[in-house]
Amino acid sequence: MDFAFSSEQEAFRNEAGDFIKKEVPSEWRWRRYAFDFYSHYDEVGSFARAMARKLGAKGWLSLTWPEEYGGRNASPIFQLILAEELEYHRCPGFDIFGVGMIAPTLIRFASEEQKREHLTRIAKGEILWCECLSEPGAGSDLASLETQATGDGDYFVINGQKAWTSGAHGADWCIVLARTGRDLPRHKGLSFFLVDLKTPGITISPIVNMAGDHEFNEVFFDDVRVPKRNVVGGENQGWYVTMGLLSFERATAVPLYAVARRYLEDVLQYARQTKSLHPVLRHRLSELIIQCEIGRLLTYRAAWMQEKGMPFDPEAAMAKLYAAELNQRVAAIGMEVLGLYSGLTEGSKWAPLDGRAPWHYLRSIGNTLEMGSSEIDRDMIASRGLGLPRR
Ligand SMILES: Cc1cc2nc3c(=O)[nH]c(=O)nc-3n(C[C@H](O)[C@H](O)[C@H](O)COP(=O)(O)OP(=O)(O)OC[C@H]3O[C@@H](n4cnc5c(N)ncnc54)[C@H](O)[C@@H]3O)c2cc1C
């Protein structure tokens, strides 16, 4: 088995790393995940947008797409290499929703007209997207959602409330899953919409997460008129489109293993400078660096299967759940290695690692909920991967 990168992939990593290093200001001390620039959108949004346009100009936001839509038909491995480099330099600009999840979903399910309208703008880094799937009463059990879309001539009229919508306050467009077939079985009565967030009737209201950041939102839809041509995959086919979207989300969209690895390197750097380190912590740090490699290989395996056109849902679930739980373990050891200093936040001159430790610890709790919880991932591995009977 050959685990090495091809010479083309190595060359791309060097090119991407050099480019990002040149673009990120030398004093850049962004303490969050590179892809989570929404948490401080006021502060970092314009840099993220400028960076997205630069990545777009290089053709790096459409690496994996077919050539007919401006892509290079490259393996998803290239996208992961880019994500690793962006994460290493904590450089925002990669829209995990638009580029990571929505574009591949459009390529697979959308009409030619929809592809022509949206893909070019995503490839150029001109627009940011968000996902309006979850609702206050529908998270893991997404098919129980209550947002309604009622046909009216050439339009659907959407009414309802979405919750936990990451980045809606900075995004331009969103995808919405809403009920169009009230009398159909619940999975079969849903449609998948592309919605311009400037459409009248949409209200975005902040939710502050436990780390103190405005990362996600409630989004209210009051008589929001959306053209019927914005339904992806056909009316009442939204569940299948959403399942496709979630596979891309788990597989390659969010490089949580790279977040864990990058932060662990910071913790190791700090640990090297301390005068003494408890032997148990030394061993746990060694263990975690091994686990970072496992997380990376699981993610690469899902990407490789995606490249080969193989079904990859259970493998993507393994990769996502492993990386999410790994990120929590790394965040926890960061607190232990820093000891009493771990309570100091950004702004304190005594705070090691620019005060990142408590933020990482608190933010990592959400990793095992966002993009589907670890329990739901385990359920999928059990049923789709292992063929075990359902409860
Ligand atoms: C940081 C973050 C960002 C997010 N961003 C978005 C976003 O951009 N767009 C969006 O639409 N949503 C987003 N979400 C919402 C996310 O998708 C939901 O939180 C997730 O699907 C879980 O749903 P819930 O919160 O309603 O919890 P619930 O579904 O109520 O689950 C609560 C607990 O019960 C467990 N559980 C539920 N059902 C089962 C079962 N059948 N078997 C075993 N255990 C079960 C869950 O694993 C969980 O631990 C985000 C969430 C977080 C934390």
Side-chain angles (χ1 to χ4, degrees), residues 32-33 35-41 95-102 105 128-147 158 160-179 186-187 190 192-195 197 202 204-221 238-239 241-243 245-250 253-254 256 259 317 320-321 323-325 327-328 331 359-384 388-391:
R32 293 167 173 79
Y33 313 160
F35 60 78
D36 177 26
F37 55 87
Y38 290 111
S39 297
H40 279 224
Y41 188 75
D95 174 12
I96 51 168
F97 300 109
V99 179
M101 312 171 197
I102 293 163
T105 306
L128 298 177
W129 286 76
C130 63
E131 285 181 2
C132 291
L133 297 172
S134 308
E135 297 184 1
S140 302
D141 186 15
L142 188 59
S144 64
L145 64 82
E146 289 177 358
T147 294
I158 303 183
Q161 178 191 350
K162 296 291 177 177
W164 319 116
T165 314
S166 301
H169 51 295
D172 308 291
W173 279 69
C174 65
I175 54 111
V176 180
L177 189 64
R179 192 163 299 288
R186 52 190 212 137
H187 293 86
L190 301 169
F192 186 103
F193 294 89
L194 305 174
V195 180
L197 280 165
I202 298 179
I204 297 167
S205 168
I207 306 177
V208 174
N209 69 15
M210 67 191 287
D213 292 333
H214 173 197
E215 175 184 357
F216 34 42
N217 305 270
E218 295 175 289
V219 182
F220 298 90
F221 293 83
W239 185 252
V241 181
T242 305
M243 291 304 105
L245 174 107
L246 295 181
S247 303
F248 294 123
E249 182 168 284
R250 287 191 192 93
V254 187
L256 272 174
V259 173
K320 189 273 168 178
L321 117 74
E325 296 185 358
N327 204 39
Q328 291 179 346
W359 180 84
H360 255 270
Y361 185 69
L362 292 171
R363 177 58 184 81
S364 71
I365 309 280
N367 293 157
T368 46
L369 279 169
E370 61 193 320
M371 301 178 280
S373 71
S374 286
E375 288 74 23
I376 298 303
D377 284 333
R378 287 197 169 86
D379 221 30
M380 174 185 289
I381 295 164
S383 55
R384 306 263 300 267
L388 295 174
R390 289 182 184 277
R391 280 164 293 158

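In each ligand, atom 1 is the first atom listed, and ligand 1 is the first ligand listed.
Atoms of ligand 1 lying under 4.0 Å from any heavy atom of L369, numbered from 1 in the order shown and given with element: 16 (C), 20 (C), 53 (C). Each of the atoms 11 (O) of ligand 1 lies under 4.0 Å from some heavy atom of L133.
Taking any N or O of E375, backbone or side chain, at least one lies under 3.5 Å from an N or O belonging to ligand 1. In terms of N/O distances under 3.5 Å, ligand 1 is approached by S140. Ligand 1 has no nitrogen or oxygen under 3.5 angstrom from a nitrogen or oxygen of E370. Taking distance alone, with nitrogen or oxygen atoms compared against 3.5 Å, T165 stays at or beyond that limit from ligand 1. Every N/O-N/O distance between E215 and ligand 1 stays at or above 3.5 Å. Residue E135 places no N or O, backbone or side chain, under 3.5 Å from any N or O of ligand 1.
With hydrogens and angles ignored, the 3.5 Å screen pairs a side-chain donor or acceptor of K162 with a backbone N or O of L133. Counting only distance, with no hydrogens or angles, the side chain of D95 and the backbone of W129 share a donor-acceptor pair below 3.5 Å.
A tilted orientation is assigned to the rings of Y33 and F35, their planes being inclined by 30° to 60°.
Under the 4.0 Å criterion applied to side-chain N and carboxylate O atoms, E325 and R378 are assigned as salt-bridge partners. Checked for salt-bridge contact, E249 and K320 miss the test: no charged N lies under 4.0 Å from a carboxylate O.
Residues meeting the salt bridge (Lys or Arg N to Asp or Glu O under 4.0 Å) test with E131, sequence neighbours left out: none. Residues passing the salt bridge (Lys or Arg N to Asp or Glu O under 4.0 Å) test with E218, sequence neighbours excluded: none.
Closest to atom 13 (C) of ligand 1 by heavy atom, among W129, W164, Y38, is W164.
At a heavy-atom distance under 4.0 Å, only side-chain atoms of R363, from C-beta outward, approach ligand 1.
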